[in-house]
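Okay, structure first, notes after.
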2 protein chains.
Amino acid sequence: MLQGTLDMLILKALSLGALHGYGVIQRIRQTSDEMLNVEQGSLYPALYRIEQKGWVSSKWETNETGRRAKFYSLTRAGRKQLEEEEASWDRLVLAIAKVRQAT
Amino acid sequence: MLQGTLDMLILKALSLGALHGYGVIQRIRQTSDEMLNVEQGSLYPALYRIEQKGWVSSKWETNETGRRAKFYSLTRAGRKQLEEEEASWDRLVLAIAKVRQAT
DNA sequence: CGCGATGCCTAGAAAGACGAGGCATAATAG
DNA sequence: CTATTATGCCTCGTCTTTCTAGGCATCGCG
């Protein structure tokens with residue numbers, strides 16, 4: 001996958017509600033109609049980075065099946081960051097569209 | 001800039017006609033309405049990689065002002081590669097749009 | 001004459017994604 | 001009952017790509 005988009009996808013997934021890491025992967029896969037598959041080796045380091053930056057907070061909880069898991073939720077800063085990354089993404093998509101339209 | 005899009009931009013720029021490295025930077029900047037600025041330190045290594053892969057070929061020529069410059073032109077394989085990268089880009093944009101639409 | 005633009009290049013650092021592995025428990029298949 | 005798959009977490013090393021910062025040469029213009 002393209003480097004730089006993962007943070008946005010994770011933040012977006014968490015914007016739909018708190019979730020544990022493994023669930024983030026599933027949510028991204030589902031909401032993208034199976035088009036995006038995030039590897040665990042990419043996700044967990046990314047979650048760590050993102051938490052260090054204060055965009056998410058985590059706590060260990062127990063899910064509905066009785067398993068313990070680390071649940072992440074968006075912070076206010078994370079919500080702001082998501083907006084910025086989406087805007088930045090839109091700019092990039094627009095810029096590349098322009099180049100591709102050039103004759 | 002996002003990692004992974006540079007090759008496509010270079011190939012696209014060259015699809016409009018052969019050009020030397022410095023000119024590729026200008027063409028990308030112009031066609032993107034100044035939104036994309038490729039650094040020389042990114043471009044020249046990228047051109048080298050792309051040539052190694054057989055997507056472009058180069059030869060030293062003299063431009064209209066009498067300066068020598070290395071002109072790159074798309075090969076058939078390069079044209080094919082450009083199509084693939086554009087299709088792949090479209091898929092990614094679609095996939096991310098889906099995730100962002102999710103409620 | 002000096003400086004910015006044009007033109008090429010490299011080396012090193014930084015970042016991020018990935019594959020492969022390790023570990024543990026629960027559910028399911030055989 | 002046992003073996004495999006799914007769920008859940010993590011780390012390490014590698015690879016790729018981009019950027020910053022430099023170096024070098026020539027041309028045009030003020």
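Quick note on labels: first sequence line is chain A, next is B, and so on, each numbered from 1.
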Looking at the side chain of [X], which of [options] is the nearest nucleotide?
{"X": "Met1(A)", "options": "dA6(D), dC18(C), dT18(D)", "result": "dC18(C)"}
{"X": "Pro45(A)", "options": "dA6(D), dA15(C), dT11(D)", "result": "dT11(D)"}
{"X": "Arg67(B)", "options": "dA17(C), dT18(D), dT6(C)", "result": "dT6(C)"}
{"X": "His20(B)", "options": "dA6(D), dG16(C), dG7(C)", "result": "dG7(C)"}

Check whether any side-chain N or O of [X] sits under 4.0 Å from OP1 or OP2 of [N], and answer yes or no.
{"X": "Gln26(A)", "N": "dT7(D)", "result": "yes"}
{"X": "Asn63(B)", "N": "dT6(C)", "result": "no"}
{"X": "Arg49(B)", "N": "dC15(D)", "result": "no"}

Atom [atom1] of [X] and atom [atom2] of [N]: how far apart are they, to the nearest Å?
{"X": "Arg27(A)", "N": "dT7(D)", "atom1": "CZ", "atom2": "P", "value": "15 Å"}
{"X": "Asn37(A)", "N": "dG19(C)", "atom1": "CG", "atom2": "C1'", "value": "13 Å"}
{"X": "Leu19(A)", "N": "dG8(D)", "atom1": "CG", "atom2": "C1'", "value": "12 Å"}
{"X": "Trp60(B)", "N": "dG7(C)", "atom1": "CH2", "atom2": "P", "value": "11 Å"}
{"X": "Phe71(B)", "N": "dG7(C)", "atom1": "CZ", "atom2": "C1'", "value": "10 Å"}
{"X": "Tyr22(B)", "N": "dT26(D)", "atom1": "OH", "atom2": "P", "value": "17 Å"}
{"X": "Tyr44(A)", "N": "dG19(C)", "atom1": "OH", "atom2": "P", "value": "16 Å"}
{"X": "Glu64(B)", "N": "dC27(D)", "atom1": "CD", "atom2": "P", "value": "14 Å"}

Is there a side-chain contact between Glu86(B) and Arg100(A) in this structure, where contact means two heavy atoms from C-beta onward sitting under 4.5 Å apart?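 In contact.
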
4.5 Å side-chain heavy-atom contact, Trp89(A) and Leu2(B):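 Yes, their side chains come closer than 4.5 Å.
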
Could you check Ala69(B) against Gln3(A) and say which one's nearest nucleotide on DNA chain C is further toward the 5' end?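 Final value for this comparison: Ala69(B).
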
Heavy atoms only, 4.0 Å cut-off, all strands: where does [X] land among base, sugar-phosphate and nothing?
{"X": "Gly41(B)", "value": "base"}
{"X": "Gly66(A)", "value": "nothing"}
{"X": "Glu39(A)", "value": "sugar-phosphate"}

Is it the case that dC8(C) (base atoms only) and Gln40(B) (side chain only) share a donor and an acceptor within less than 3.5 Å, ignoring hydrogens and angles?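 Checked by distance alone, the answer is yes.
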
Any luck finding a side-chain donor-acceptor pair between Gln26(B) and Gln30(B) under 3.5 Å?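 Side chains of Gln26(B) and Gln30(B): no pair found under 3.5 Å.
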
Could you check whether the rings of His20(A) and Phe71(A) sit parallel, tilted or perpendicular, using 30° and 60° as the cut-offs?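 His20(A) vs Phe71(A) ring planes: perpendicular.
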
Just verifying a value: how many Å separate Ile10(A) CD1 and Tyr72(A) OH, rounded to the nearest 0.5 Å?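 Here the rounded value is 9.5 Å.
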
